[in-house]
Amino acid sequence: MTAALVGLKAFLRRHTLWAGFVAALLPLLVLLGVQSVWLARLARASATVHRAALGNCLEAISTDVQNYYRSAAESSLDLPPSIFTEGRFDAAAIQWNRKPIRGVRRYFLVDFTREPFGHFLVYDPVRETLESPPASDESLAIVVACLPWSYGGGGADSLSPSADERDPDHRIILNPIADGTRLVGVAGMILDEEFFRSDLLPAAIQSALRDFFPEAAREDLAVTVRDARGELVLGAVGGQDSGDAATARFPFVFTDWTLGLRSRDFTPERWASANFRFNMMLSAVLAIALLGGIVLALRAANRAVRLSEMKSEFVSNISHELRTPLASIRVFAELLRLGKVPSPEKVQEYGEYIEAESRRLSRLINNILDFSRIDSGRKTYRFIRADVAEVVATTLRSFEVRLKHSGFELAFEGPVGPLPRVEMDPDAIGQALHNLLDNAVKYSAESTAIDVRLAREGAWVVISVRDRGIGIARDEQERIFERFHRIGTGLVHDVRGSGLGLSIVHHIVQAHRGRVRVQSEPGKGSTFSVYLPVGRPAPGPKIHEAVASESSPLGVRPDA
Ligand code: ADP
């Protein structure tokens, strides 16, 4: 149990990035899943709600129309029975003249007090009097409409306004008038269809749409009105008629007409599913952004962990690096002090050892100091116009003893002609070459041959160090210039080192506006080339100090 727990902990530590990513991804996916279920439900519900809203809107239009005609009937047809019983028909004419109602084509009266069949009078708005109706379709429609009350028909229970639409060209509203329980007459009006179609309906539609839908939604809605024959009298149907999403009828008059409401582009379902898609897409984009942020944060954390691991490895490596030359120096110094050295040649040899080892020590310490300066941005260079060949020769000379003692053979290939002097910091370039030579010795394995070449290549002076050692895999060739980076210590090689040498070389060469190039093949050896620009003086006066900044090792290859 505990072993499994320890194993899991170790696994999580090794795969922090992935573990963190999965830990963030899983709840996010669950959240997205739950959200999509809820959004789908919401979409279905909103489609129903939308459809209901369409229905309510139509209901409002038809109620509006009904209210208009009912109140018209109330205000102009609700006449006192004395008009009929006392024969004061002119009183009705005066009222209709004083308060004309829009949408009425003709007013009429039927008196049943004198004739049981009915005495018919129609209102003439020009002469403002009631006249006997001429023989016409209109008169016939009035007669037919009033038939139920002839000869004492109808009753007290039917004394409210009603509509007669048997003749669609003459739609009539009738109001039976009683004196007590006795029916004395009928007042009526013939409706003006044109007013209904062009004025009343459009106004009712506009007001209902305004009340039920916000402006943006109104743009998408279309109301259709069809007459008794099913022909469209109002509204337009698009190319592909998807049908009305909701329909309604008028309850009082124009009962054979149909009202319809539809979305021009969207049915309620399409509208809901578009909403669903938009919401899901928004969530997905947010989730991706969140994951991106998490990945970035985890990467930064991972880098920090790696750097701290590299630093502790560096401390252990550097201690070892310091101990080895110190141990040799102590042994040789002891031998000399105890006088145990047999011959003057041996004394000289041991002296050379001590000298070479202390040089190695000071180079190592220089590297550490340089690294610390580079790290804190305090590294400065002193540029002078100098001879690269001289710097190379001096460095090789100081390396000679180390090479001799390690059994290495160094072949130097000089330039064909004289080299131009180059603007540089000779100490820094010497240190860079030193680091490359040091690596060539360290990573040569069985091979003992090192070639150094100095040449001019176009606008560059090139210093190359070639070994025939263990080589470097392609995917590592850029990363070896990163600070502390060492290739799989213990697996590829077990040579100790600080992981600083090449990062310092990179920094020095960059400060010279040069490039470092590595060509290498595992098992065959490596060639490191430093390219220094000719005739491209470093910025500033002839002797000056330049602070070089750390930059990505990706830019270390020469363009040439
Ligand atoms: P170190 O102190 O480890 O040598 P460097 O920065 O000089 O640090 O080099 C980084 C890594 O690059 C080394 O650990 C080694 O793995 C690899 N390397 C450098 N030079 C060579 C070379 N000439 N041949 C093979 N590998 C090399």
Side-chain angles (χ1 to χ4, degrees), residues 306-307 309-325 360-372 374-375 379 395 399 402-403 406 408-411 428-453 463-510 516-530 550-554 556-557:
R306 235 185 64 204
L307 206 67
E309 279 171 4
M310 281 165 139
K311 274 188 176 166
S312 53
E313 199 176 305
F314 163 76
V315 172
S316 116
N317 283 339
I318 211 76
S319 322
H320 188 89
E321 285 273 277
L322 289 171
R323 222 180 11 229
T324 318
R360 203 172 139 199
L361 265 181
S362 57
R363 211 173 44 252
L364 199 68
I365 289 163
N366 277 349
N367 268 351
I368 297 170
L369 288 177
D370 266 350
F371 167 73
S372 138
I374 289 170
D375 207 35
K379 171 74 180 165
T395 313
F399 215 76
R402 165 109 191 263
L403 288 175
S406 320
F408 272 83
E409 270 179 37
L410 188 140
I429 295 297
Q431 188 189 357
L433 178 56
H434 229 126
N435 286 354
L436 293 180
L437 288 168
D438 201 29
N439 281 351
V441 172
K442 284 199 299 190
Y443 304 112
S444 264
E446 306 299 305
S447 154
T448 52
I450 294 176
D451 300 332
V452 175
R453 177 173 161 265
I463 311 165
S464 312
V465 177
R466 177 180 171 209
D467 64 60
R468 291 169 183 77
I470 60 174
I472 304 158
R474 190 152 199 89
D475 56 340
E476 288 281 358
Q477 288 180 10
E478 278 178 358
R479 300 183 61 201
I480 51 173
F481 293 93
E482 287 173 21
R483 56 197 180 154
F484 303 129
H485 188 83
R486 309 197 72 235
I487 299 172
T489 317
L491 283 172
V492 178
H493 60 70
D494 48 13
V495 181
R496 289 275 177 162
S498 60
L500 294 181
L502 286 182
S503 79
I504 292 171
V505 171
H506 172 230
H507 193 274
I508 291 172
V509 175
Q510 272 229 320
V516 193
R517 179 186 218 178
V518 56
Q519 290 163 296
S520 184
E521 217 180 299
K524 295 212 170 142
S526 317
T527 305
F528 284 83
S529 307
V530 169
E550 269 273 71
S551 71
S552 152
L554 295 174
V556 294
R557 285 151 194 260

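Counting convention: from 1, in listed order, for ligands and their atoms alike.
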In ligand 1, which numbered atoms sit nearer than 4.0 Å to a non-hydrogen atom of [X]?
X	answer
H485	10 (C), 11 (C)
R486	1 (P), 3 (O), 14 (O)
K442	1 (P), 2 (O), 4 (O)
S498	1 (P), 2 (O)
G471	25 (C)

TODO: Evaluate side-chain contact (heavy atoms from CB on, under 4.5 Å) for D467 paired with D451, printing each intermediate quantity in order.
DONE: CA-CA 7 Å; D467 64 60; D451 300 332; over 6 Å; no
Open item on the list: I'd like to know if I470 contacts ligand 1, where contact means a heavy-atom distance under 4.0 Å to any ligand atom.
Closed with: yes
Task: Sub-4.0 Å heavy-atom approach of G499 to ligand 1 - done: yes
For the student: nearest non-hydrogen atoms of [X] and [Y], plus distance:
X	Y	value
S529	S464	OG-OG, 3.3 Å
L433	T395	CD2-CB, 3.8 Å
G501	N435	O-ND2, 3.3 Å

- [ ] For ligand 1, indicate whether the residue I487 contacts it via side chain, backbone, both or neither (heavy-atom separation under 4.0 Å).
- [x] both
Under 3.5 Å, N or O to N or O, is [X] touching ligand 1 that way?
X	result
A440	no
S503	no
F528	no
L502	yes

Open item on the list: Can you tell me how far apart CG (L403) and CG (L437) are? Round to the nearest 0.5 Å.
Closed with: 7.0 Å
Task: Interatomic spacing from CD1 in I365 to CD in E321 - rounded to 0.5 Å - done: 11.5 Å
Open item on the list: If only side-chain N and O atoms count, and only distance matters, is there a donor-acceptor pair under 3.5 Å linking Q431 with N366?
Closed with: no
- [ ] Using the salt bridge (charged side-chain N to carboxylate O under 4.0 Å, His left out) rule, take R402 and D438 through it: C-alpha gap first, then chi angles, then the decisive distance, then the call.
- [x] CA-CA 9 Å; R402 165 109 191 263; D438 201 29; 2.3 Å; yes
Task: Nearest neighbour of atom 23 (N) of ligand 1 from the list D467, L500, D438, V441, on a heavy-atom basis - done: D467
Open item on the list: Check the orientation of F481 and F528. Use parallel for under 30°, tilted for 30 to 60°, and perpendicular for over 60°.
Closed with: perpendicular
